[in-house]
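Have a look at the structure below before the remarks.
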Amino acid sequence: MGIILAIVILLIAGLITASKRIEKKNKKLRQEMEMANPLPKEKQHLLAYGANLALYRSESPRILPVKIDHETLKDGLSSAWDVSNQEEAVQTLEWLLTEGHRAKYDELLMALKAGQSFTEEEVGKSQECYESAQEAMMKKLSFAKSDFDRVNTIAAWDFDRAVNIARWSCILGYITEEQAWGYMERAADSASHIFQSWKDYFTSFAFGRALAYEGNIYDILWNGKELLEEKDSIWNEFGIKRSLNRK
């Protein structure tokens, strides 16, 4: 048993080391792309509202270009979002900004916060994923129950995706860059009015992933840790309230 345990520990240590190396390499690539494609601070601030999904995809949240080739991006946007032209891009962006998943799942979020319980037949795995999300954020990010009390919407789940879909649609030529910044500004302004901090924004995004996507949030926790805790992160450079940063 001692030998087996030692082997397991060595394997885990090796995986952690490899993961750190990959993350270090990804950061270096992001920094190189940022230097090659600089943006004004006010536009970087707009992209900050899409930082969750950008980092999840190992992309920089500070620039428009992405690492993956256009064909892969095109296929992904089409298969995941049914977006393959201007009309579909605009429809999807308008839906995310005016309705999104929050129109359906905010009510469920409030019911769960109030202590109501549902069967899997009623809400699928949403309640289970919601409870797991809270546990994960408390364990890995040191969040407290009081942090969850402030969040009454999954709107960040919609806004973060809107910023990224505007970015991707611009890259693929479905919408102009001017249109893309316009959509991002609408998402940023809405988020700025709803949320008091980036911690609240991350919590809202995580709850959206848990309820609407029925997803395990473990794969976004490290992005949250980077955004909330690292001194040079885009969230620690820009405040959640855009009005405070406008000239």
Side-chain angles (χ1 to χ4, degrees), residues 19 23 26-27 30 44-62 96-97 100-102 105-106 108-110 112-113 126-167 184-245:
S19 177
E23 180 57 28
N26 284 336
K27 284 187 178 181
R30 294 204 312 257
Q44 289 187 43
H45 194 181
L46 295 179
L47 287 167
Y49 297 87
N52 284 305
L53 190 51
L55 287 183
Y56 173 72
R57 295 173 60 87
S58 299
E59 300 291 356
S60 169
R62 293 180 178 272
L96 284 167
L97 292 171
H101 279 133
R102 61 193 181 280
Y105 289 96
D106 276 1
L108 174 59
L109 174 62
M110 295 304 294
L112 291 170
K113 287 184 63 177
S126 288
Q127 180 170 359
E128 177 186 336
C129 291
Y130 166 75
E131 292 168 352
S132 296
Q134 289 187 86
E135 182 181 350
M137 284 187 279
M138 287 190 289
K139 184 177 180 180
K140 299 296 184 180
L141 299 178
S142 300
F143 281 21
K145 282 285 187 181
S146 57
D147 293 318
F148 306 139
D149 293 340
R150 296 192 302 271
V151 179
N152 299 316
T153 177
I154 66 163
W157 172 247
D158 292 323
F159 299 151
D160 195 285
R161 293 181 300 160
V163 170
N164 283 281
I165 289 177
R167 179 183 183 182
M184 291 184 209
E185 187 157 14
R186 286 171 59 187
D189 283 345
S190 294
S192 180
H193 283 91
I194 294 172
F195 300 102
Q196 298 303 311
S197 70
W198 287 119
K199 178 183 277 191
D200 294 349
Y201 191 80
F202 180 80
T203 301
S204 174
F205 179 86
F207 282 163
R209 184 174 179 81
L211 295 177
Y213 186 68
E214 293 188 352
N216 187 315
I217 72 159
Y218 277 95
D219 54 359
I220 65 166
L221 287 175
W222 304 116
N223 302 334
K225 192 173 185 66
E226 176 180 338
L227 288 165
L228 291 167
E229 298 180 8
E230 293 191 7
K231 291 182 179 179
D232 61 348
S233 78
I234 193 168
W235 280 3
N236 280 319
E237 179 174 355
F238 301 105
I240 188 75
K241 301 295 187 181
R242 287 193 64 230
S243 58
L244 299 179
N245 294 273

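Only heavy atoms go into these numbers, but all of them, side chains included; no hydrogens, no water, no symmetry mates.
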Could you walk me through whether Ser197 and Phe202 satisfy the side chain to side chain contact (heavy atoms under 4.5 Å, CB included) test, starting with their C-alpha distance in whole Å, then the side-chain angles of each, then the deciding distance to 0.1 Å, before giving a yes or no?
CA-CA 9 Å; Ser197 70; Phe202 180 80; over 6 Å; no
Can you pull the side-chain hydrogen bond (donor to acceptor under 3.5 Å, both in side chains) pairs that have at least one residue in residues 157-166, sequence neighbours excluded?
Asn52-Asp160, His101-Trp157, His101-Arg161, Arg102-Asp158, Asp158-Arg161, Asp160-Asn164
Got Leu221 and Leu141 here, is their nearest side-chain heavy-atom distance under 4.5 Å?
yes
Electrostatic pair Glu237:Lys231 at N-O distance under 4.0 angstrom
no
Mind checking what makes salt bridge (Lys or Arg N to Asp or Glu O under 4.0 Å) contact with Arg150, not counting sequence neighbours?
Asp147, Asp200
Once rounded to the nearest 0.5 Å, what's the spacing between atom CZ of Phe238 and atom OH of Tyr49?
10.0 Å
With a 4.5 Å limit on heavy-atom distance, are the side chains of Phe148 and Gln134 in contact?
yes
Measure from NZ or CZ of Lys199 to the centre of the six-membered ring of Phe143 and say whether it is under 6.0 Å with the direction within 45° of the ring axis.
yes
Geometric class of the Trp235/Tyr201 ring pair [parallel <30°, tilted 30-60°, perpendicular >60°]:
perpendicular
Between Leu108 and Tyr130, is there a side-chain heavy-atom distance shorter than 4.5 Å?
no
Are the side chains of Leu112 and Leu211 in contact, using a 4.5 Å heavy-atom criterion?
yes
Under a 4.0 Å threshold between the charged nitrogen and the carboxylate oxygen, would Asp219 count as salt-bridged to Arg209?
yes
